[in-house]
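A quick write-up on the structure given underneath.
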Amino acid sequence: MIRDEIARMVEEAVDRAKKAGDLPAIALPDIVIERPQRLEHGDYATSLPLRLARAAGAKPIELGQTLARHMPPSDAIERVEVAPPGFVNFHLSKGWLAQQVDSILEAGAAFAEVPLGKGQKVQVEFVSANPTGPLHAGNGRWAAMGSTLARVLQAAGYQVETEYYFNDAGSQVDVFTRTIYARYQQLFGREAPVPDDGYAGSYMVGLAEQARERFGDSLLRPEGEPAPEELGRFGIEQVTEWIRNDLADLGVHYDHWYREQTVYDSKAFDKGMAILRKKGLIVEREGAVWFATTQLGADKDEVVVRSSGLPTYLATDIGYHYDKFLVRKFDRVIDIWGSDHQGHVRPLQLAVEAMAIEPDRLTILIGQLVTLRRGEETIKISKRSGDMVTLREVIEEVGKDACLYFFLSRSADAQIEFDLELAKRQSNDNPVYYVQYAHARIAGIINVAKERLPDSQGGDTSLLIHPAELALIRKMLQLPELVEAMARSLEPHHLPHYAQELATVFHDFYENCRVVDDDNPDLSKARLKLVAAAKSVLATSLGLMGMSAPDRM
RNA sequence: GCCCCCGUAGCUCAGUGGAUAGAGCGCCGGCCUCCGGAGCCGGAAGCGUGGGUUCGAGUCCCGCCGGGGGUACCA
C-alpha cells in the first residue's frame, strides 16, 4: 500500500538526515502516517517533526524542512510540503492516481486484501445463543458483526473459521425440558404449571404441539415423575433448526456448529480441569468445586461444579477453550459476547492463562446490548418472560440488508436502541439502499455504454484528471487500509460508513462527469474504466458486509 | 458499594492524540432538453460537567452528574 511506502520514505529521510548530520542520533518513535481531513493538507501526512522536536532540540517546522529535503523521490508523490506547526504533507500525483484504476480493475475483489494475518488460523465465535428459544432482534447484532469480522480477517490474510457454540447440556436445558413437558401435559388436560424459572413464551406451546404430533401421548409419564429427556432433546433440535434458518436468512452461515456435549464427550472438560487441578487451582469447599481465581489475583473464587454435581457455564467454557487452543490449535480465538457476560471475561482469561496459553491469543469482544423499543414502549429482552421481538420478525419487516447495515454501523461499545416501529418506517431510507443504488446506477451506465459505444474497450486512464474523478479514485484506495485497520482493531463498524462515503463520491462524480459521451469516445472509455472499478469496490465492500450488490433496484 | 461500557446536531450514530468535529434521518431553500431524482447543491444546529497531562484533547488521567450491564452453586 502507498501509505506503507510513504512510511518507508519518511524512515529513509530520517536516516539520510542523520547521516548528513542534519539530525542528531535520537530514538525514533513509531512513524504514523495519517490521512488529513482537508485535501489541501495532502493525501497523507506525518506529524513526526512535532514528536521529534523536543528530543532533537529543534523547531518542528525546521525539522519538517530537513525531512522534506532528504525525502527520497517517488513516482506516486507529486510534492512534499511542510506546514505549520510541524506537519509534512504528501500529495499523490494525478498520474499515479489515475493508474490505480487499472490496478483496481485487475485485482477485482482481491483489491481489498492485505497481507496481515500471514495465514494464521483464527476462530471467530459469535451469537451462540442457547437453543431454548428463537433468536431475538438483539442477537442479530452479533451475527452481523461476527460474520463481517470473519470476512474482514479473511481479506486480511487470516485463515478463518466461524463457529456457533450451542448449549445442549447445561442447566437451562433442564429448565427447558421441564417447561416443554408442562406444556405437553397441558395439551392432554393435565394440570401442569410452567415452572417458576421456566420459559413463558408462547412458542413453547407450539413446540409441545409439534411434540404431540410427533410422539402422540407416548411421552406422558405418570403424574409426579420427571420430564422425559427425549422431549427436551426434541425441542432443542427444533429450536436449533429455527436458529439456523434465521441466521441463514440474514446470510450468516457457520463453518462449525459445536455442541456443548462435545466438551464432555471429547474429554476436553476433564483435561482442562486436570491442568488447573495440577496447579492447585481447583479446591472443594461448601459441597462445590471451585476455581481458585483469588490465587491469581481475582477478588473471589468461581464455582465450576455445583453441589448438585452439574458443571457451571464457566467450567464448560474452560473445557471448550482447552479444545479451541490445545486440540484444534487455533493461533487466535475471538469470542463475541454480550455485555451481560462480562463477568465471565476475567475468570476465563485466567483459566486460559493457567492452561499455559498465551493470553493475547484469546480476544473476548464485549458488545453492549441492544435495547428494543416499539414506539414509546421499551421491550425487555428475555426468553424466559417470553416478551421479545424475534430476529425473524425484524428481518421480515425491515429486510435483510437494511437489518445488517443497521447492526453493523454501530460500534460494539455503543448501546444501541432498536426502535422496531422506526426501523420499519425508515427501512426505505436506510443508507444501505444509497450504497446499492450507486452500484445499480453504474450497472445502468455500463448497459448504456454497450448500446452507444460500439468499441468500449481499452480506455486510457491517464485522461482522468477531473477533481471528481480523482476524489473517487482516492476514496477507492482507502479500502485496503480500512481492511487492515479493522483487522487490527476488530471493529467492523467502519465498513458501512466507508461504503456510504464511497457511494457519495461516486454520486458526486456522476453529477459532474458524463460517462457516456458520443462526442468524446476516448474520455468515455477512460471513465467507463473508472466506473467499472468503482462498481467493483462497491461490490467488494457490500460483500464484506454480507450484503447484495444489485445491478437493478 | 465495587467493576466494565457509554454521554458528540432535534433524533440515531461516526470520529487511528493532530491542522476549520462528520454522516444519515428530520427541518429550511434550490437543481431534471442530457448515462437511473432511491440522486445532487446550499442552510440552521453539537463534544454532559469541573480539573489535569500534552506543542496539541471529542479522543488519555482524576472527580462529579446521567444512562446501560456485571457483581449468582443462571447463561
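No experiment lies behind these values; they were computed from the predicted model shown. A, B, ... follow the sequence lines: proteins, then strands. Residue 1 opens every chain.
When heavy atoms are screened at a 4.0 angstrom cut-off, A:Glu260 is found touching no nucleic acid atom at all. Contact annotation for A:Arg51: base contact, defined as any heavy-atom pair under 4.0 Å involving a base atom. Residue A:Asp317 is out of contact with every strand shown, counting any heavy-atom pair closer than 4.0 Å. A:Val516 comes within 4.0 angstrom of a base, heavy atoms only. Residue contacts for A:Ser489: at a heavy-atom cut-off of 4.0 Å it reaches no nucleic acid atom on any strand shown. A:Asp508 comes within contact range of the sugar-phosphate backbone alone, with a heavy-atom separation under 4.0 Å but no base atom that close. Counting any heavy atom pair closer than 4.0 Å across all strands shown, A:Gln368 reaches a base atom.
Nearest to the side-chain atoms of A:Gln415 among the listed nucleotides B:A19, B:G67, B:C73 stands B:G67. Which of B:A75, B:G22, B:C73 sits closest to the side chain of A:Gln37 comes down to B:G22. In the set B:G70, B:C5, B:G26, B:C5 carries the atom at the smallest distance from any side-chain atom of A:Asp413. The listed nucleotides are B:A19, B:A72, B:A38; the one nearest the side chain of A:Lys300 is B:A72. Here B:C25 is the nucleotide among B:A75, B:C25, B:C4 with the atom lying nearest to any side-chain atom of A:Asp429. The side chain of A:Ser307 approaches B:C73 more closely than any other nucleotide in the set B:A19, B:C73, B:G36. Nearest nucleotide to the A:Tyr313 side chain, out of B:A75, B:G70, B:C35: B:A75. Comparing B:G69, B:A75, B:C35 by their nearest atom to the side chain of A:Ser171 picks out B:A75.
Taking the six-membered ring where tryptophan is involved, the planes of A:Phe269 and A:Tyr264 are tilted, since the angle between them lies from 30° to 60°. Using a 30° and 60° split on the angle between ring planes, A:Phe506 and A:Phe509 fall in the tilted class, from 30° to 60°.
Screening A:Arg35, A:Arg3, A:His91 for a side chain to side chain donor-acceptor pair (under 3.5 Å) with A:Tyr44, the sole residue that qualifies is A:Arg35.
Annotated as syn: B:C32, whose O4'-C1'-N torsion sits within 90° of 0.
Scanning both residues, A:Leu362 and A:His321, for their nearest heavy atoms gives CD1-CD2, 3.9 Å.
Remark: A:Arg441 is positioned above the aromatic ring of A:Tyr510, its terminal NZ or CZ atom under 6.0 angstrom from the ring centre and at most 45 degrees off the axis.
Listed for the A:Asp168 side chain is a donor-acceptor partner under 3.5 Å among the backbone atoms of A:Gln261.
At least one side-chain heavy atom of A:Lys475 sits under 4.5 Å from a side-chain heavy atom of A:Tyr498.
Taking atom P on both B:G63 and B:G1, the two are 13 Å apart, rounded to the nearest angstrom. Straight-line distance between the P atoms of B:C3 and B:C64: roughly 11 Å, to the nearest whole Å.
Dashed line: the shortest gap from a side-chain N or O of A:Ser47 to OP1 or OP2 of B:G17 is not under 4.0 Å. Within the 4.0 Å cut-off from OP1 or OP2 of B:G24, not a single side-chain nitrogen or oxygen of A:Tyr433 is found. The phosphate of B:G15 has OP1 or OP2 within less than 4.0 Å of a side-chain N or O from A:His494. Between A:Tyr434 and the phosphate of B:C40, there is a side-chain N or O to OP1/OP2 separation shorter than 4.0 Å. The side chain of A:His493 places an N or O atom within less than 4.0 Å of a non-bridging phosphate oxygen (OP1 or OP2) of B:G15.
Aromatic stacking of A:Phe87 on B:A19: satisfied, with centres closer than 5.5 Å and planes within an angle under 30 degrees. Judged by ring centres under 5.5 Å apart and planes tilted less than 30 degrees, A:His41 stacks against the six-membered base ring of B:A19.
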Side-chain donor/acceptor pairs under 3.5 Å, residues 284-299 of chain A, sequence neighbours excluded:
{"residue": "A:Arg285", "atom": "NH2", "partner": "A:Asp301", "partner atom": "OD2", "Å": "2.6"}
{"residue": "A:Trp290", "atom": "NE1", "partner": "A:Arg285", "partner atom": "O", "Å": "3.0"}
{"residue": "A:Thr293", "atom": "OG1", "partner": "A:Lys300", "partner atom": "O", "Å": "2.6"}
{"residue": "A:Thr294", "atom": "OG1", "partner": "A:Asp301", "partner atom": "OD1", "Å": "2.7"}
{"residue": "A:Gln295", "atom": "NE2", "partner": "A:Gly280", "partner atom": "O", "Å": "3.3"}

**Prompt:** According to the Watson-Crick and G-U wobble definition with distances under 3.5 Å, which dot-bracket string, read 5' to 3', encodes RNA chain B, using [ ] for crossing pairs and | for pairs with another strand?
**Reply:** (((((((..((((....[...)))).(((((.......)))))....(((((..]....))))))))))))....
